[in-house]
Amino acid sequence: MYPPANPTLPCTAGIGLRAPHYREVLRDLPKLGWVEVHNENFFGGGAPLHTLLKVREHYPVSLHGVGMGLASSTPLDEGHLTALHRLCDAVQPAMVSEHLCWNAADGMVINDLLPFPYTTEALEHVARRVQQVQERLGRQLLVENLSSYLSFTHSEMTEGEFLAELTRRTGCGILFDVENLYVNVRNLGVDAEAFIKAIPAEAVKEYHLAGFSERDGCLVDTHNHPVYEEVWKLYESVLRHIGLRPTLIEWDSDIPALSVLMAEAAQAQQRLKDCHACVA
Amino acid sequence: MLALHDDLSDFAFAIVQGKESSPQIVTAYRNYPAAVAMEIYRNNYRGNLHDALAGAYPVIKQLVGDDFFRFLTREFIAQYPSRNANLHHYGVELAGFLTAFAPAQTLVYLADVALLEWACHVAYFADDEVPLNIHKLAQIPPERYTDLILRIHPACRVVRSHYPVAAIWQAHQPAAGCDFHIDLNSRACIALVSRKDDVVQVAELAEADADWLHAIQSGVSMGAATDSTLARHPGFDLPAALQMLVAQHILTNFNLGATT
């Protein structure tokens with residue numbers, strides 16, 4: 001269907017690049033496998049895009065969206081699609097990804113990543129929209145599993161089964177966020193092993209890792225903390241079952257010094273290396 | 001209509017307007033009740049919009065303090081729900097909102113500072129354009145100057161205020177010292193927003209220069225703009241204005257208009 005992105009991401013650890021680190025990264029050009037940025041921060045072009053294009057000269061870039069609303073019940077936002085297309089043309093990213101979530105209904109927009117019931121109807125709806133995005137961009141889209149704080153009584157399948165069927169129908173890839181899965185295990189009682197078994201390993205093109213916080217017993221996907229030990233353990237298990245993939249460290253609030261992010265990336269890199277030895 | 005539509009609609013009303021959530025949502029989880037989850041989503045919604053406003057209006061936030069800013073944005077968010085998936089579009093109405101916001105009425109300059117900050121926010125994301133090459137302009141025979149149509153950089157914005165908003169803005173930039181004195185009734189101000197490479201800057205414009213820039217922006221030739229400006233401001237200094245606007249990266253290109 002859609003050829004994989006070219007150039008591809010190296011199978012190493014990268015970091016989510018955010019505004020507080022632009023200057024330092026461009027000045028020092030630290031050793032980073034690759035970087036990922038949030039699409040919407042560059043939609044207007046202007047100064048941010050100018051910076052990103054300079055970054056792109058030195059690192060492979062992956063574009064990660066937070067606003068497409070693949071499962072929203074309102075039509076796909078044409079302006080959003082056009083802006084993403086324009087950004088892809090300018091940046092020539094190695095990967096383009098979005099979340100398996102919704103953000104708009106009935107004229108309301110909720111700038112968040114929201115869960116929906118995993119029904120056959122929703123599957124057809126999301127598959128149509130993923131296809132629409134891929135056709136517009138002329139490339140494969142990676143779809144990321146979601147961290148959720150609640151679930152629906154009338155879901156007809158698990159998120160893993162939903163994603164597996166989505167890739168089969170559309171040829172999209174999967175961005176496997178290991179921390180999101182861990183959050184769902186703890187919050188919703190999702191079976192991690194069943195999730196890993198449900199998704200086709202060959203469709204998984206990238207991993208995400210991050211830290212969470214807790215509120216009144218609920219784990220919240222705040223990306224404001226180093227990766228927890230339990231998530232590293234789950235990541236190791238995922239590496240063994242699915243294989244080695246480019247792995248991103250995400251940090252989005254209380255953003256620490258670049259060196260902290262790089263130390264986290266080094267930990268992911270070490271596990272990729274160890275696992276490579278164990279499968280070799 | 002999709003059944004999915006009803007689920008999402010109920011969920012959206014529960015988040016944005018605090019309505020009861022859908023009966024289709026599981027009510028209890030291992031470690032918390034559904035009400036906790038719903039409250040997290042409501043907080044995320046408001047928190048993300050608050051952060052978007054804090055990003056677009058850093059000077060307003062400094063002027064009123066973090067607590068008042070949180071209170072003010074909460075009221076604003078209740079009146080102006082998000083309409084765009086791109087958070088950088090959120091908050092254009094803040095200046096208008098502040099004009100009518102009773103608890104901030106003593107800060108008479110606040111709405112105008114918000115207007116200036118939104119202009120800066122838009123300038124930051126405006127398309128890039130190569131600044132005017134003055135040497136290229138020098139190749140035009142002087143007798144053709146009056147026919148020149150000048151192009152203005154997409155980041156360029158002009159904000160007029162009865163208060164010295166440019167000075168207020170400059171005093172609250174990260175590099176500015178904290179020792180400043182601004183007399184609020186000192187003067188009206190015409191603030192010129194532009195972007196040089198990646199940096200948004202604010203300068204002050206003289207009335208005559210602002211008139212001329214306004215005429216140029218409306219698309220008339222340099223000759224017509226200069227004549228109309230001189231008629232109102234006999235002291236208008238065209239070479240000085242040109243030099244200043246080129247230095248600020250306001251002018252980007254030119255052509256010789258319809259007569260060529």
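Lettering of chains follows the sequences in order, A, B, ..., and the numbering in each one begins at 1. From a predicted model like this one, the values you see are computed outputs, not experimental measurements.
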Select one option (side chain, backbone, both, neither) describing which atoms of Ala12(B) are under 4.5 Å from chain A's heavy atoms.
both

Does the gap between the ring centers of Phe69(B) and Phe71(B) come in under 6.0 Å?
no

Output the option from Leu4(B), Asp127(B), Asp198(B), Leu8(B) having the highest count of non-hydrogen pairs under 4.5 Å with chain A.
Leu8(B)

Ring center gap for His88(B) and Phe43(A) short of 6.0 angstrom:
no

If one checks every heavy atom of Asn41(A) against chain B at 4.5 Å, the contacting part turns out to be both

Per-residue tally against chain B (heavy atom, under 4.5 Å) across Ala122(A), Ser253(A), Ser73(A) peaks at Ser73(A)

Tell me, side chain or backbone of Ser155(A) under 4.5 Å from chain B's heavy atoms, or both, or neither?
neither

Note: vs chain B, highest number of non-hydrogen pairs under 4.5 angstrom among Gly217(A), Ala105(A), Gly67(A) is Gly217(A)

Do Tyr41(B) and Tyr149(A) have ring centres separated by under 6.0 Å?
yes

Proximity breakdown for Asp10(B) and chain A, heavy-atom pairs closer than 4.5 Å:
neither

Measuring heavy-atom distances to chain A, does Ile15(B) have an atom under 4.5 Å in its side chain, in its backbone, in both, or in neither?
side chain

Heaviest contributor of heavy-atom pairs below 4.5 Å to chain B, chosen from Pro115(A), Ser151(A), Ala83(A), is Ser151(A)

Under 4.5 Å heavy-atom distance to chain A, tell me which part of Asn48(B) shows up: side chain, backbone, both or neither.
side chain

Sort by residue number and list every member of residues 46-55 of chain A having a non-hydrogen atom under 4.5 Å from chain B.
Gly46(A), Ala47(A), Pro48(A), His50(A), Thr51(A), Lys54(A)

Greatest number of non-hydrogen atom pairs under 4.5 angstrom with chain B, of Gly69(A), Ala104(A), Gly189(A), falls to Gly189(A)

Given a strict heavy-atom distance threshold of 4.5 Å, which part of Arg195(B) is in contact with chain A: side chain, backbone, both, or neither?
side chain

Asn103(A) versus chain B, heavy atoms under 4.5 Å apart: side chain, backbone, both or neither?
side chain

Chain A contact via Tyr90(B) - which portion, at a heavy-atom distance below 4.5 Å:
neither

